[in-house]
Amino acid sequence: MANDQSTETTQDLTDGFHLLIDALKLNGIENIYHVPGIPVTDLGRMMQAEGMRVVSFRHESNAGNAAAIAGYLTKKPGVCLTVSAPGFLNGLVSLSHATTNCWPMILISGSSEREIVDLQKGDYEEMDQLAVAKPLCKAAYRILHAEDIGVGVARAIRAAVSGRPGGVYLDVPASLLGQTMEAAKGAQSLIEVVDPAPAQLPGPKAIDRAIDVLKGAKKPLIILGKGAAYAQCDGLVKDFVEKSGAPYIAMSMAKGLLPDDHAQYAGAARSLVLKESDCVMLIGARLNWLLSHGKGKQWGEPFTKKFIHIDIDPKEMDSNQPIDAPLVGDIESTLGLLVDKMDGWSKPPADWTDAVQAKSASNVERMAPKLMNNNVPMDFHGALGRLKSIFKDNPDAILVNEGANTLDFARSVIDMSKPRKRLDVGTWGVMGIGMGTAVAAAVETGQPVVCVEGDSAFGFSGMEVETICRYNLPICVVIFNNSGIYRGTDTDPTGRDPGTTVFVPEAKYDMMMQAFGGEGVLARSPDDLERAVRDAIKSGKPTLVNAIIDPQAGTESGRIGNLNPQSVVSKK
Ligand code: ADP
Ligand code: TPW
Ligand code: MG
């Protein structure tokens, strides 16, 4: 029984701290992204002592973003551990972000005593955290008794990874951690989750229907989304795409699922394929704002297309366009069933595939000279041309990317040649994922990480350069410093203050890294930039390259300026 120590020696007892650690370890969770404080300081220490990798951050937002991307990279829930009310709230943004992106994550937060919180008597960091978390994640649980820790952790894991993955909140009141129970009974109460993300197969009729629709297409197009990258069935995706012979494009984080130099890759002919295709097959990609909801001139409307959609969540079907062939299932099982039906598949008509290839080739050729410029001050293309060649030479390096122009240009210029190597702002376009994502990418994969960061984007998580230095991680942060949000030229029309989108001109971000013992390098030319990044990858040392970009280079909101509302009152 909890708290009954009368007949036991402490060797025979366990407690909430250790049961929680044992439950996580039993389920293969070894990495924790954390900020310490009451009531979880000792929990973090004990996790470390028990051999878990505990990465302590400077802000929970960044620890949470680390956990979110760890979930995406590993298909296991990434775990973030925070203190109560404010720490919990800081972690909540990333839990919600993970849920929005369909990534498995568990936010574990310490909380105050129920008796005080529920009567609102005013406890230390009092908040009804469970109620706050519920609408913002996939599932939320509170554990009140030590003997329920096994169940609580098992439910959190299953909820996070099964079906459409998402974020789960686990509320851990301070008093739970100190509760004791017999060690043997405690061990028995733990649950090793069997088959946490069961396969889900579409029925044979759904498969036949999809095969018929795809066969009938004269101008098919495949769109790979980050759900397909998450599924980690890379060989099968390649097999399916190649058997189909259809041109494909990859959503941002699906780049590299097949190498971007693949003959069927139509990324450089995106406008053409969206407009002119007659059948679109979505694989782990939603028809949300990132695809203009599948509507409008961009999609060749009023001409209509057929849609085939593979997604694990049935509710995703018909969300924006009627889906002719819904395939509700996991991508691995579904593609397996489709590929089995594709022996002797006839390739799409050559006039379609040739036209797409010709358009891609001419667009790539048009871009090439821009990427070779050595201008000072640098523009986005001159700088990115060098990073493109660095990634070509280092295919295992992971690219973390955020900003507006910095994001949009880097996405189209830098080719990825392996899966899950491009990590970015996701479905919401969140600024601030950078350093947390970089830390988790390094911790989870052990590969070199290069972050390509707008100067504004970097500022949201910049303090974590200390974390990067403290854990001596192989991360090179490249700041595209155009001295502002979108550009560095705004002014206050009244002349009183700086313009709302500008920063201190040419801020010396490189000195931030130096302050914590890492390498800080100033780069004014593409040559400087290339040298610094190559050195950083070679040395594996924490490095920050402050790449000074022309403050005039950049447009409002990058490629999505059209989403800004317009005022009818003319600008002053
Ligand atoms: P992108 O932003 O790359 O277009 P989205 O995040 O919009 O991708 O879409 C990913 C989709 O993948 C989600 O709708 C999610 O339900 C789905 N998904 C995630 N994992 C799987 C899986 N293993 N099998 C099938 N669908 C999946
Ligand atoms: C959490 C709004 C979108 S892009 C951006 C902001 C503030 C910064 C763009 O400037 P940056 O890039 O990074 O210097 P560049 O190359 O164009 O100069 N708060 C959050 N998320 C978002 N998306 C914003 C604000 C925004
Ligand atoms: Mg900027």
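Order of listing sets the numbers, starting from 1, for every ligand and every atom in it. Values in this document were obtained by computation on a predicted structure and should not be read as measured data.
- Assignment of F380 to the shell around ligand 2 is supported, since a heavy atom sits closer than 4.0 Å.
- A heavy-atom separation below 4.0 Å is not found between G554 and ligand 2.
- Listed by first then second residue, pairs satisfying side-chain hydrogen bond (donor to acceptor under 3.5 Å, both in side chains) with a partner in residues 280-292 read R286-T427, S292-Q298, not counting sequence neighbours.
- For ligand 2, none of its N or O atoms has an N or O atom of R487 under 3.5 Å away.
- Among all non-hydrogen protein atoms, the one lying nearest atom 24 (N) of ligand 1 is I331 N, 2.9 Å.
- Residue, atom and distance of the protein heavy atom nearest to atom 7 (C) of ligand 2 are S456 OG, 3.8 Å.
- Residue contacts with ligand 2: Y486 is placed with a nitrogen or oxygen under 3.5 Å of a nitrogen or oxygen of the ligand (distance criterion only).
- Contact between G484 and ligand 2 is present, with at least one heavy atom of the residue lying under 4.0 Å from the ligand.
- When only non-hydrogen protein atoms are considered, atom 1 (C) of ligand 2 lies nearest to M431 O, 3.5 Å.
- For the pair A254 and ligand 1, no heavy-atom separation below 4.0 Å is found.
- No side-chain donor from either of N363 and S360 sits under 3.5 Å from a side-chain acceptor of the other.
- Salt-bridge check for E444 with K76: failed, with every basic side-chain N at 4.0 Å or more from each acidic carboxylate O.
- Given atom 10 (C) of ligand 1, the protein heavy atom at minimum distance is G284 O, 3.1 Å.
- The shortest N/O to N/O separation between V430 and ligand 2 does not fall below 3.5 Å.
- Counted by atom type alone, R411 and N401 present zero donor-acceptor pairs between their side chains at under 3.5 Å.
- Side chains of S461 and N65: no donor on one and acceptor on the other come within 3.5 Å.
- For ligand 1, the polar-atom distance check finds an N/O of I312 within less than 3.5 Å of one of the ligand's N/O atoms.
- Closest to atom 11 (C) of ligand 1 by heavy atom, among T334, D311, L291, L224, is D311.
- Of the polar atoms of P165, none of the N or O atoms is found under 3.5 Å from an N or O of ligand 1, judged by distance alone.
- Here I433 contributes atom CD1 and I69 contributes atom CD1; the two are 7.0 Å apart, rounded to the nearest 0.5 Å.
- Atoms of the protein (N, O or S only) found under 2.8 Å from the Mg ion (ligand 3) are D455 OD1, N482 OD1, G484 O.
- Using modelled atom types, one finds no donor on one side chain facing an acceptor on the other under 3.5 Å when comparing H309 with Q321.
- The residue from K75, M251, K226, E316 that puts a heavy atom closest to atom 2 (O) of ligand 1 is K226.
- Among all protein heavy atoms, the one lying closest to atom 20 (N) of ligand 1 is Y230 CD2, 3.6 Å.
- Side-chain atoms of T501 and R487 include no donor-acceptor pair closer than 3.5 Å.
- Judged by the shortest distance from any of its heavy atoms, F480 lies outside the 4.0 Å radius around the atoms of ligand 2.
- Close approach of ligand 1 to N288 (heavy-atom distance below 4.0 Å) involves ligand atoms 7 (O).
- The protein heavy atom nearest to atom 12 (O) of ligand 2 is A404 N, 3.2 Å.
- When the shell of 6.0 Å around NZ of K508 is examined, it contains 12 or fewer heavy atoms from other residues, nucleotides or ligands.
- Here F460 has side-chain heavy atoms under 4.0 Å from ligand 2, and that is the only part of it that gets that close.
- The backbone and the side chain of D455 each have at least one atom closer than 4.0 Å to an atom of ligand 2 (non-hydrogen atoms only).
- By the 3.5 Å distance cut-off applied to N or O atoms, I485 is not counted among the residues near ligand 2.
- The aromatic rings of W103 and Y72 sit tilted, their planes meeting at an angle between 30° and 60°.
- Checked by distance only, ligand 1 and N101 stay at 3.5 Å or farther apart across all their nitrogen or oxygen atoms.
- Between D278 and K306 there is no salt bridge, since no side-chain nitrogen of the basic residue lies less than 4.0 Å from a carboxylate oxygen of the acidic one.
- Between D313 and R164 a salt bridge is recorded (basic side-chain N to carboxylate O distance below 4.0 Å).
- Applying the 4.0 Å criterion to heavy atoms of G403 picks out, from ligand 2, the atoms 12 (O), 13 (O).
- Salt bridge D324/K305: absent, no basic N to carboxylate O contact under 4.0 Å.
- Looking from atom 19 (C) of ligand 1 to the surrounding protein, the closest heavy atom is G227 CA, 3.8 Å.
- Looking from atom 23 (N) of ligand 1 to the surrounding protein, the closest heavy atom is A231 CB, 3.8 Å.
- Distances shorter than 4.0 angstrom do not occur between any heavy atom of A197 and any atom of ligand 1.
- Checked by distance only, ligand 1 and D313 stay at 3.5 Å or farther apart across all their nitrogen or oxygen atoms.
- Among all non-hydrogen protein atoms, the one lying nearest atom 7 (O) of ligand 1 is R286 NE, 2.8 Å.
- Close contacts between ligand 1 and G329 involve ligand atoms 24 (N), 25 (C) [criterion: under 4.0 Å to a heavy atom].
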